[in-house]
Amino acid sequence: MQDTIDIRSANAQHMYHPMIDPKVVQAYPPLIIERADGVYVQDIDGNTYLDTVASLWNVNVGHNRREVIEAIKAQLDKLAYYSTFQNTSNPPAIELSARLMRLFAPENMRKVFFSSGGSDAVETALKLSRQYWKLNGQPERTQFISLRWGYHGVHFGGASINGNPMFRQAYEPLLPGCHLVESPYTYRNPWNESDPARLAQLCLEQLAQLIEQVGAGQIAALVAEPVQGAGGVIVPHESYWPGLRALLDQHGILLISDEIVTGFGRIGAMCGARAWGVAPDIMAMAKGINSGYVPLGATLVNERVASAWDQPNVPAAMMHGYTYSGHALACAAANANLDIVEAENLPARAAEVGAYLQQALQSLNAYAHVGEVRGMGMMAAVELVKDKASREMLLPPSPYIQTLVGAARSEGAIIRVQGNRLILSPPLVFTTAHVDETLRILHKAFERAENT
């Protein structure tokens, strides 16, 4: 018998929601989003909101794109799902694998392992890097280095290398042999260094010291985001990633680029590492690969890494996989999504409109509780502080933040505050008119919050 559910009364009663205390959800029932189109979403009561966060960094081509929907429908008429275990495959997965190799030929990528999302993609990258060293006769290379404030998902491996204790503490102890080094975070760093180039050098020197202390022969890989996302949109100096690549090469350590957010155009290049002129060994991707229409993750490996599995007479089974690896619908959605990304040149659009966004956001520095505005392309953060002089973080459950988010919503925009950072990550199809609309709403929200 079909249950008849009252959506409003059932809201917050039975679901756990990510990254929030269930008691908060109970006290403040979630906004119920029912429809979406382009860069706007609509709640169950018919209220429309500008989506300034692309849902969760990921709806890059916008909501309700008919090209993606029709591709999913066409695939449903043929095959919704069949496992890629047991040496079977499907046409959309094969097509997508070839497309990804073409898109990332500049990074010399050669193989891809599909999964169900970003956390899966990072976990796959960690496991493959360890197996790479075992296949190459260096099984002692098992440890990982990552950056403070970095975010790499919610699996035990990804959580172990997360650079913010907020994402780890509830689940410790985690994976041993994980080390943190400082991020090139100009606004907050232990050296109080405000010069980005000098800070990049200090961070690399600290990394070199850690490698010497741990021993390069014990380290499998370093994992980093080209621009840190959930950590607060931390944009490194242009010298940082090339210096990172050179230092890791010196010690034979793999570079894993976490491209979950930066992949497919968000900072103005097809992948974040390319924006810095660097080719990683492994790239973890998700989100923008199909703009969230069907869950999908991908882990790409370059020629160097892939060659480990080519060695004759060396057993090299990948004892790793997900039920939905290479899901036909997800891959069909990705192929249609990437058609749009390429046809509309969304990386270039993100660079152009993103520059307008970054400049427009600087006007928020006028407010008393704004410490810094920073970003790159279609990624931006507004750092909220108790006062500009001390730079002390303004954190939830501050009435200021509650008012800011609520006021923005009442004015017609969904914004996101992570810790003390207001983060903007709009769809890559945003126009300058949408940026103007965003700023109009933000100014009204900040004005109301300042009077709290």
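The model shown is predicted, which means the values in this text are computed figures rather than measured ones. Just so it is clear, the values below take in all heavy atoms, side chains as well, and ignore hydrogens, waters and symmetry mates. The first residue in the sequence is number 1, and the count goes up from there.
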Might you confirm whether atom [atom1] of [X] has over 12 heavy atoms from other residues, nucleotides or ligands at distances under 6.0 Å?
{"X": "Gln359", "atom1": "CD", "answer": "no"}
{"X": "Tyr322", "atom1": "OH", "answer": "yes"}
{"X": "Lys78", "atom1": "NZ", "answer": "no"}
{"X": "Glu352", "atom1": "CD", "answer": "no"}

Would you call [X]-[Y] a salt bridge at under 4.0 Å N-O?
{"X": "Glu259", "Y": "Lys287", "result": "no"}
{"X": "Arg65", "Y": "Asp339", "result": "no"}
{"X": "Asp281", "Y": "Arg245", "result": "yes"}
{"X": "Glu140", "Y": "Lys134", "result": "no"}

Closer than 3.5 angstrom, by distance alone: can the side chain of [X] be matched with the main-chain N or O of [Y] as a donor-acceptor pair?
{"X": "Asn58", "Y": "Leu56", "result": "yes"}
{"X": "Ser425", "Y": "Val53", "result": "yes"}
{"X": "Glu303", "Y": "Met109", "result": "no"}
{"X": "Glu225", "Y": "Tyr151", "result": "yes"}
{"X": "His327", "Y": "Leu329", "result": "yes"}
{"X": "His155", "Y": "Gly157", "result": "no"}
{"X": "Asn189", "Y": "Pro184", "result": "no"}
{"X": "Thr52", "Y": "Ile414", "result": "yes"}
{"X": "Glu193", "Y": "Asp195", "result": "yes"}
{"X": "Thr88", "Y": "Phe85", "result": "yes"}

For residues [X] and [Y], determine if any side-chain heavy atom of one lies less than 4.5 Å from a side-chain heavy atom of the other.
{"X": "Trp241", "Y": "Ser257", "result": "yes"}
{"X": "Leu50", "Y": "Thr438", "result": "yes"}
{"X": "Ile145", "Y": "Ile219", "result": "yes"}
{"X": "Arg274", "Y": "Ile267", "result": "no"}
{"X": "Ile401", "Y": "Leu422", "result": "no"}
{"X": "Arg102", "Y": "Glu342", "result": "yes"}
{"X": "Met393", "Y": "Val385", "result": "no"}
{"X": "Ile33", "Y": "Leu31", "result": "yes"}

Show the numbers, then the answer: is there a side chain to side chain contact (heavy atoms under 4.5 Å, CB included) between Trp57 and Ile423? CA-CA 10 Å; Trp57 309 93; Ile423 291 177; 3.4 Å; yes

Hey, what do you get for [atom1] ([X]) to [atom2] ([Y]), rounding to the nearest 0.5 Å?
{"X": "Met378", "Y": "Thr262", "atom1": "CE", "atom2": "OG1", "answer": "15.5 Å"}
{"X": "Leu100", "Y": "Lys111", "atom1": "CG", "atom2": "NZ", "answer": "13.5 Å"}
{"X": "Tyr367", "Y": "Leu404", "atom1": "OH", "atom2": "CG", "answer": "10.0 Å"}
{"X": "Glu383", "Y": "Arg421", "atom1": "CD", "atom2": "CZ", "answer": "5.0 Å"}
{"X": "Ile256", "Y": "His152", "atom1": "CD1", "atom2": "NE2", "answer": "9.5 Å"}
{"X": "Glu107", "Y": "Cys271", "atom1": "CD", "atom2": "SG", "answer": "4.0 Å"}

Please list, one pair per line, the donor and acceptor atoms closer than 3.5 Å that link side chains of residues 198-210 to other protein atoms, with sequence neighbours excluded.
unit_1, atom_1, unit_2, atom_2, d
Gln201, NE2, Glu205, OE2, 3.4
Gln206, OE1, Glu182, N, 2.7

If only side-chain N and O atoms count, and only distance matters, is there a donor-acceptor pair under 3.5 Å linking [Y] with [X]?
{"X": "Ser307", "Y": "Asp310", "answer": "no"}
{"X": "Ser291", "Y": "Asn337", "answer": "yes"}
{"X": "Asn302", "Y": "Arg110", "answer": "no"}
{"X": "Gln228", "Y": "Ser183", "answer": "yes"}

Going through the checks in order, is the side chain to side chain contact (heavy atoms under 4.5 Å, CB included) test met by Val382 and Phe446? CA-CA 11 Å; Val382 180; Phe446 271 99; 4.1 Å; yes

Of Met379, Arg374, Arg266, which meets side chain to side chain contact (heavy atoms under 4.5 Å, CB included) against Val227? Met379

CA sep, side-chain torsions, deciding dist, call: Asn290, Asn335, side chain to side chain contact (heavy atoms under 4.5 Å, CB included): CA-CA 8 Å; Asn290 69 8; Asn335 284 316; over 6 Å; no

Using the test side chain to side chain donor-acceptor pair (under 3.5 Å), find all partners of Tyr132 that sit at least two apart in sequence or belong to another chain.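 Scan of Tyr132 (side chain to side chain donor-acceptor pair (under 3.5 Å), adjacent residues dropped) gives Asn136, Arg304.
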
Using every non-hydrogen atom in the two residues, find where [X] and [Y] come nearest and quote the distance to one decimal.
{"X": "Ala275", "Y": "Met376", "answer": "CB-CE, 4.3 Å"}
{"X": "Val68", "Y": "Ala336", "answer": "CA-CB, 3.9 Å"}
{"X": "Ser119", "Y": "Gly153", "answer": "OG-CA, 3.3 Å"}
{"X": "Ser129", "Y": "Phe144", "answer": "OG-CE2, 3.3 Å"}
{"X": "Leu255", "Y": "Pro280", "answer": "O-CB, 3.7 Å"}
{"X": "Glu344", "Y": "Arg349", "answer": "OE1-NH1, 4.3 Å"}

Report yes or no: is the cationic atom of Arg391 (NZ for Lys, CZ for Arg) under 6.0 Å from the centre of the six-membered ring of Tyr187, at an angle within 45° of the ring normal? yes

Taking it one step at a time, do Leu254 and Trp133 satisfy side chain to side chain contact (heavy atoms under 4.5 Å, CB included)? CA-CA 10 Å; Leu254 297 176; Trp133 289 115; 3.8 Å; yes

Under 3.5 Å donor-acceptor pairs involving side-chain atoms of residues 165-181, not counting sequence neighbours:
unit_1, atom_1, unit_2, atom_2, d
Arg168, NH1, Asn162, O, 2.6
His179, NE2, Gln143, OE1, 2.5

For the pair Phe113 and His320, name the ring-plane relationship: parallel under 30°, tilted 30 to 60°, perpendicular over 60°. tilted

